[in-house]
K.L.:
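My questions all concern the structure below.
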Amino acid sequence: MSLSTLRSLIAAGLLSLLCMAPALAQNTMVRLHTTQGPIDVKLLDAQAPITVANFLAYVRGGDYTDVMFHRSVRNFIIQGGGFRWPAAAGSPSGVTSRGTIQNEFSPTRSNLRGTVAMAKVDRDANSATSEWFVNLGDNSANLDRQNSGFTVFARVTTPGMAVVDKIAALPIVKARSPYSDLPLFNWVNTNPILRDNVVLVTQATEFLPQVQQTESDRILNYLEAAYPQYLAPSLGVAGTFEGYSYRWYSGSNAFLASNDGKVWYLSATPGSSLIDLGAMADWLAVAQAAGY
């Protein structure tokens with residue numbers, strides 16, 4: 001695909017995002033860098049403070065590095081946070097628990113599509129530790145009533161749900177317990193399941209509080225999530241040059257930048273030219289509508 005096509009594709013999404021994407025509260029955001037793309041989750045700090053603090057403790061402690069999506073159920077949920085598969089390990093192992101937490105379910109935070117909730121032990125409302133799941137549809141009739149309700153503590157942003165749906169569409173394999181609903185990619189059923197076949201969160205990073213982010217930060221954070229095919233890995237190296245605030249992406253060897261009220265894209269391949277992607281004001285509105 002040509003670089004000129006990139007601008008057209010991005011511009012085409014402006015109106016639809018503004019009309020369709022929900023505006024979310026200004027809360028802590030965490031990016032789960034997965035092998036299928038970035039998933040950004042907006043935490044509900046004020047509504048579920050115990051659960052959010054617990055999740056952030058695992059994020060800040062590095063416990064979600066190399067964690068697997070170990071369970072996928074069609075039209076229901078994808079689940080992670082419980083098992084890690086580090087590069088040097090021959091098989092997965094459990095995430096070390098930081099202890100159980102109090103259930104904070106509220107009917108004002110139902111298990112709807114795009115929400116993130118804590119997993120827990122059957123018939124034990126206060127048993128959540130490290131595991132969480134993303135709701136693929138409206139599961140409120142079920143999960144809001146079971147086991148004193150499952151605590152919703154975050155919402156996935158608009159571009160993050162595209163990655164969630166990509167994971168949910170992968171083949172599901174019945175492996176040995178506790179991996180009886182394991183999503184896999186590039187796997188042949190006559191071969192052993194390898195680390196390269198599972199969906200991993202390679203890193204979990206916490207965004208600066210929104211009040212500390214520049215307009216450029218918010219726009220670039222959004223574009224990283226929305227267009228990972230052009231901006232890989234989804235954690236650009238930031239810098240400034242001759243008035244440009246930029247991020248460089250080693251995987252795609254490209255730059256994304258802001259300057260003079262506009263957003264710019266540059267491929268570092270020889271002969272490439274700087275592409276004007278449009279006004280920062282337009283992109284900020286889109287980013288805000290998508291949860292950034």
Side-chain angles (χ1 to χ4, degrees), residues 29-44 47-48 50-59 63-64 66-85 92 94-95 97-98 100-107 109-157 160-170 172-175 177-184 198-201 204:
M29 185 181 288
V30 169
R31 174 165 290 171
L32 303 174
H33 304 262
T34 86
T35 50
Q36 297 294 305
I39 300 174
D40 291 339
V41 296
K42 200 105 178 216
L43 307 182
L44 305 177
Q47 298 96 317
I50 295 172
T51 312
V52 167
N54 175 72
F55 181 79
L56 286 175
Y58 286 99
V59 170
D63 301 307
Y64 289 149
D66 294 324
V67 80
M68 301 164 51
F69 280 93
H70 68 276
R71 184 180 179 220
S72 177
V73 181
R74 299 284 187 219
N75 304 314
F76 183 45
I77 59 123
I78 60 170
Q79 186 168 328
F83 303 93
R84 297 178 66 235
W85 198 338
V95 171
S97 171
R98 293 178 177 268
T100 59
I101 59 172
Q102 177 184 331
N103 191 39
E104 291 183 296
F105 171 76
S106 169
R109 288 178 277 109
S110 285
N111 284 268
L112 304 175
R113 173 174 165 78
T115 58
V116 187
M118 295 303 296
K120 52 188 175 178
V121 177
D122 191 27
R123 292 187 287 275
D124 188 348
N126 301 314
S127 59
T129 56
S130 66
E131 290 192 42
W132 40 264
F133 58 86
V134 181
N135 285 295
L136 301 177
D138 182 351
N139 297 322
S140 57
N142 180 12
L143 299 183
D144 286 6
R145 299 177 181 179
Q146 280 187 30
N147 204 359
S148 298
F150 286 80
T151 298
V152 167
F153 68 94
R155 296 187 179 97
V156 179
T157 64
M161 280 307 293
V163 179
V164 168
D165 289 337
K166 183 179 178 181
I167 295 170
L170 291 172
I172 300 169
V173 173
K174 185 175 181 60
S177 180
Y179 312 116
S180 56
D181 299 289
L182 185 65
L184 297 176
V198 301
V199 182
L200 293 172
V201 176

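Remember, it's a predicted structure, so these values are computed and weren't measured experimentally.
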K.L.:
Within a strict 4.5 Å, meaning less than it, do heavy atoms of the Val67 and Leu32 side chains meet?
P.N.:
no
K.L.:
Given Asn111 and Phe133, is the side chain to side chain contact (heavy atoms under 4.5 Å, CB included) satisfied, shown in steps?
P.N.:
CA-CA 10 Å; Asn111 284 268; Phe133 58 86; 3.8 Å; yes
K.L.:
Rounded to the nearest 0.5 Å, what separation is found between the OH atom of Tyr58 and the CH2 atom of Trp132?
P.N.:
13.0 Å
K.L.:
NZ of Lys120 to OG1 of Thr151: how many Å apart, nearest 0.5 Å?
P.N.:
5.5 Å
K.L.:
Determine the minimum heavy-atom distance between Ala204 and Val59, stating which atoms define it.
P.N.:
O-CG1, 3.9 Å
K.L.:
Looking only at heavy atoms, what is the nearest atom pair of Val163 and Pro38, with distance?
P.N.:
CG2-O, 3.3 Å
K.L.:
Under the salt bridge (charged side-chain N to carboxylate O under 4.0 Å, His left out) test, which residues partner Arg98, sequence neighbours left out?
P.N.:
Asp63
K.L.:
Mind checking side-chain hydrogen bond (donor to acceptor under 3.5 Å, both in side chains) for Asn147 and listing every partner two or more places apart, or none if nothing turns up?
P.N.:
none
K.L.:
Is there a side-chain contact between Asn139 and Phe150 in this structure, where contact means two heavy atoms from C-beta onward sitting under 4.5 Å apart?
P.N.:
no
K.L.:
Is it the case that the side chain of Thr35 and the backbone of Leu200 share a donor-acceptor pair, with hydrogens and angles ignored and the cut-off at 3.5 Å?
P.N.:
yes
K.L.:
On a heavy-atom basis, which atom in Leu136 and which in Ala168 lie closest, and how many Å separate them?
P.N.:
CD1-CB, 3.7 Å
K.L.:
Which word best sums up how the rings of His70 and Tyr179 line up, parallel for under 30°, tilted for 30 to 60°, or perpendicular for over 60°?
P.N.:
perpendicular
K.L.:
Identify which one of Val134, Ile39, Asp40 satisfies the side-chain contact (heavy atoms from CB on, under 4.5 Å) criterion when paired with Met161.
P.N.:
Val134
K.L.:
Could you pull out all residues at least two apart from Thr129 that satisfy side-chain hydrogen bond (donor to acceptor under 3.5 Å, both in side chains)?
P.N.:
none
K.L.:
Distance from Met68 atom CE to Phe83 atom CZ, nearest 0.5 Å?
P.N.:
8.0 Å
K.L.:
Let's go through Val152 and Val116 carefully: what are the C-alpha distance in whole Å and the side-chain angles of both, what is the deciding distance for side chain to side chain contact (heavy atoms under 4.5 Å, CB included) to 0.1 Å, and is it a yes or a no?
P.N.:
CA-CA 6 Å; Val152 167; Val116 187; over 6 Å; no
K.L.:
Quick one: list whatever passes ring-ring contact (aromatic ring centres under 6.0 Å, His included) with Phe76, sequence neighbours left out.
P.N.:
none
K.L.:
Begin with the C-alpha distance, continue with both residues' side-chain angles, and end with the deciding distance and a verdict on side chain to side chain contact (heavy atoms under 4.5 Å, CB included) for Ser72 and Ile78.
P.N.:
CA-CA 4 Å; Ser72 177; Ile78 60 170; 3.7 Å; yes
K.L.:
Would you name the heavy atoms of Gly81 and Ser130 that are closest together and state the gap between them?
P.N.:
O-OG, 2.7 Å
K.L.:
Does Leu112 offer a backbone N or O that forms a donor-acceptor pair with the side chain of Ser110 under 3.5 Å?
P.N.:
no
K.L.:
Nearest 0.5 angstrom please: Arg109 CZ to Thr51 OG1, how far?
P.N.:
7.0 Å
K.L.:
Is there any salt bridge (charged side-chain N to carboxylate O under 4.0 Å, His left out) pair reaching into residues 123-151, and which pairs are they, with sequence neighbours excluded?
P.N.:
none
K.L.:
Suppose we screen for salt bridge (charged side-chain N to carboxylate O under 4.0 Å, His left out). Which residues come up paired with Asp165, at least two apart in sequence or across chains?
P.N.:
Arg113
K.L.:
How long is the span from the CG atom in Asn54 to the CZ atom in Phe153, to the nearest 0.5 Å?
P.N.:
8.0 Å
K.L.:
Step by step, work out the side chain to side chain contact (heavy atoms under 4.5 Å, CB included) result for Asn126 and Asn103.
P.N.:
CA-CA 5 Å; Asn126 301 314; Asn103 191 39; 3.4 Å; yes
K.L.:
Side-chain donor-acceptor pair under 3.5 Å between Thr115 and Asn135, yes or no?
P.N.:
yes
K.L.:
Is the shortest heavy-atom distance from the side chain of Phe69 to the side chain of Thr34 under 4.5 Å?
P.N.:
yes
K.L.:
So which heavy atom on Ile77 is nearest to which on Arg71, and how close?
P.N.:
CD1-NH1, 3.5 Å
K.L.:
Which heavy-atom pair separates Ala154 from Val41 by the least distance, and what is that distance?
P.N.:
CB-CB, 4.3 Å
